[in-house]
Structure formats: C-alpha cells, structure tokens
Amino acid sequence: MNEINKPNETVKESVIQFEAVTFGYAGSKGLVLDGMSLDVLKGSLTAILGPNGAGKTTLLQLILGWLRPRSGMIKLNNKPLADYSRRAMGQAMSLVPQSEHISFDFEVVDYVLLGRAPYLAPLDQPTAQDEAIAMETLEMVGISQLASRPVTALSGGERQLVLLARALAQQPKLLLLDEPTSHLDLGNKARLISILRQLNRQGVSVIFTTHEPEVASQLADQMILMRDGKVMGAGSAGDVFEGKTLSELYGVPVTVAEVEGRRVAIWG
C-alpha cells in the first residue's frame with residue numbers, strides 16, 4: 001500500500017484509506033482506477049498531481065461518496081464510507097469544486113451560509129452563530145467586503161474564494177479542493193496557499209488536485225502522482241517530486257531545480 005506519511009511521524013493515523021479500489025464509469029469498458037491502494041495520514045497537506053484526465057477528480061468524488069467503487073473499500077478515519085450518514089459526511093469533510101454554476105442572485109454571505117447545512121435540521125433557519133461563522137470564513141479568505149454583493153456579479157477569482165469560504169463554513173477536519181488555483185491570479189494564489197497552510201496548522205487535513213507542479217511544490221508536504229488512473233508515486237514531496245518521475249508523469253523532459261530554497265519543475 002502506498003502510504004502518505006509525514007517525515008519522522010511515529011503515530012500513523014489515517015484520514016483516508018483506499019483498499020484495492022477499482023472504478024469505471026457505467027457504459028465504459030475501461031477503468032479509471034484499477035486496484036488502487038492508498039493511505040493518506042491525518043494532518044497531511046497532500047497534492048494529487050498529474051495531467052488532465054489522470055483520474056484526479058474521480059478520486060475526490062470517490063472520497064466524497066459521490067461515486068462508488070466497483071470493488072474494494074474506501075475508509076474515512078478507519079471507518080467505511082458506507083457507514084456514514086450524509087449529515088456526518090458533511091460535518092467531517094467539505095469540497096471546494098473547480099467551478100460551480102450559480103443561477104440565483106444569492107448574496108455572498110447567504111451563499112456561504114449554505115455550508116452550515118450539515119448542522120441544521122430540515123427547514124431550520126441559520127442561527128446567529130451560523131451567521132457569525134459565515135462572516136469569519138469570509139474574513140479568513142479576505143473577501144468580507146463582498147458579503148452583501150450578489151454572487152453572480154463576482155469575478156471568477158472572487159467566486160473561487162466564495163466557494164472556499166462556503167467549504168470552510170462546514171468546519172471540516174478534511175478539506176478537499178479540485179484544481180483550486182485554476183481561476184486565481186498570482187496574488188490570490190498566494191493568499192490561497194497561505195490560508196491552506198494556516199488551516200493545516202490548525203489540524204485540518206488537506207487534499208487537493210492540481211496539474212500544476214509549481215502549485216504542488218509550493219504547498220504540499222505529501223504528493224500522490226497519478227497518470228491514466230494509476231498511482232505512479234506517493235510519499236513525501238522531497239521523495240517523489242523529482243525530475244525522472246515528473247518526466248514520466250507528463251511525458252516531457254522535466255528537471256527539478258532549487259530556486260531560492262524552493263524546488264521548481266523546469267520542462268522542455
């Protein structure tokens with residue numbers, strides 16, 4: 001089993017486990033994941049890195065329980081996903097999608113309040129505490145000044161930060177992000193990386209997909225390298241983020257170099 005572990009860690013407690021998981025979409029003869037076994041430890045900041053079509057988003061949807069494997073088992077905190085209610089899943093983890101179509105003129109704060117749904121009974125209205133949590137998350141991501149603006153009037157980058165705020169309003173212990181920097185400019189990328197590092201220091205496990213090696217190297221302490229539905233490497237960033245493996249991953253020559261203390265991938 002590929003084990004994603006922090007250096008020098010003595011207690012190995014998993015947040016997510018894939019046990020011989022096979023998955024393919026209905027009507028398709030091919031498999032997206034073929035017998036994947038993987039162990040991601042609590043407290044890690046893990047990048048799922050690979051080219052488009054590698055199976056990265058499918059992996060997140062399986063973790064969320066939105067897709068079910070053909071065979072094998074997925075566990076959250078050493079407990080099968082099938083044993084969790086949707087409410088319990090919503091309190092344990094949240095997702096920042098790559099994008100989301102929003103057809104109603106929600107004010108930003110009301111949209112972020114949707115993240116409190118796992119804590120509310122059906123037909124219950126958000127409490128003052130829920131509203132305070134929503135405003136705290138907007139402040140954390142740096143867009144509290146947009147609280148009363150319609151979500152449909154925001155730029156792509158601002159919408160991405162609103163999606164992050166909504167996910168944080170769920171107060172998850174596991175935060176999943178699908179290509180979180182895809183709509184962000186350089187300044188907002190730096191802000192996002194800072195926010196995720198802060199959350200990780202507070203005990204939140206983070207798993208994010210990306211096709212950008214520079215984002216993975218900036219943020220992750222652990223990496224899962226995926227291509228064609230298979231794990232090509234998994235472990236600490238220092239062990240798997242290297243030229244030979246990245247060249248195989250992307251199919252082009254890649255060199256890894258140190259630039260002002262940071263490892264960067266140079267291709268071509």
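The basis for the numbers below is simple: all heavy atoms, side chains too, and nothing from hydrogens, waters or symmetry mates. Residue numbers run from 1 in the order of the sequence given.
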Glu179 side-chain N/O to His211 backbone N/O, donor-acceptor pair under 3.5 Å: yes

Exam field: side chain Arg87 to backbone Leu120, donor-acceptor pair closer than 3.5 Å: yes

Salt bridge Glu212-Lys189, side-chain N to carboxylate O under 4.0 Å: yes

Test item: Arg70 side-chain N/O and Thr22 main-chain N/O as donor-acceptor pair under 3.5 Å: no

Side-chain (Glu107) to main-chain (Val109) donor-acceptor, under 3.5 angstrom: no

Neighbour count >12 (heavy atoms, 6.0 Å) for atom CZ, Arg68: no

Side chain Asn200, main chain Arg197, donor-acceptor under 3.5 Å: no

Sidechain-backbone polar pair: Arg116 side chain, Pro126 backbone, donor-acceptor under 3.5 Å: no

Exam field: side chain Glu214 to backbone Ala265, donor-acceptor pair closer than 3.5 Å: no

Whether Arg149 side chain and Val108 backbone form a donor-acceptor pair below 3.5 Å: no

Asp105 side chain vs Val151 backbone, donor-acceptor pair below 3.5 Å: no

Polar side-chain atom of Ser94 near backbone of Leu175 as donor-acceptor pair, under 3.5 Å: no

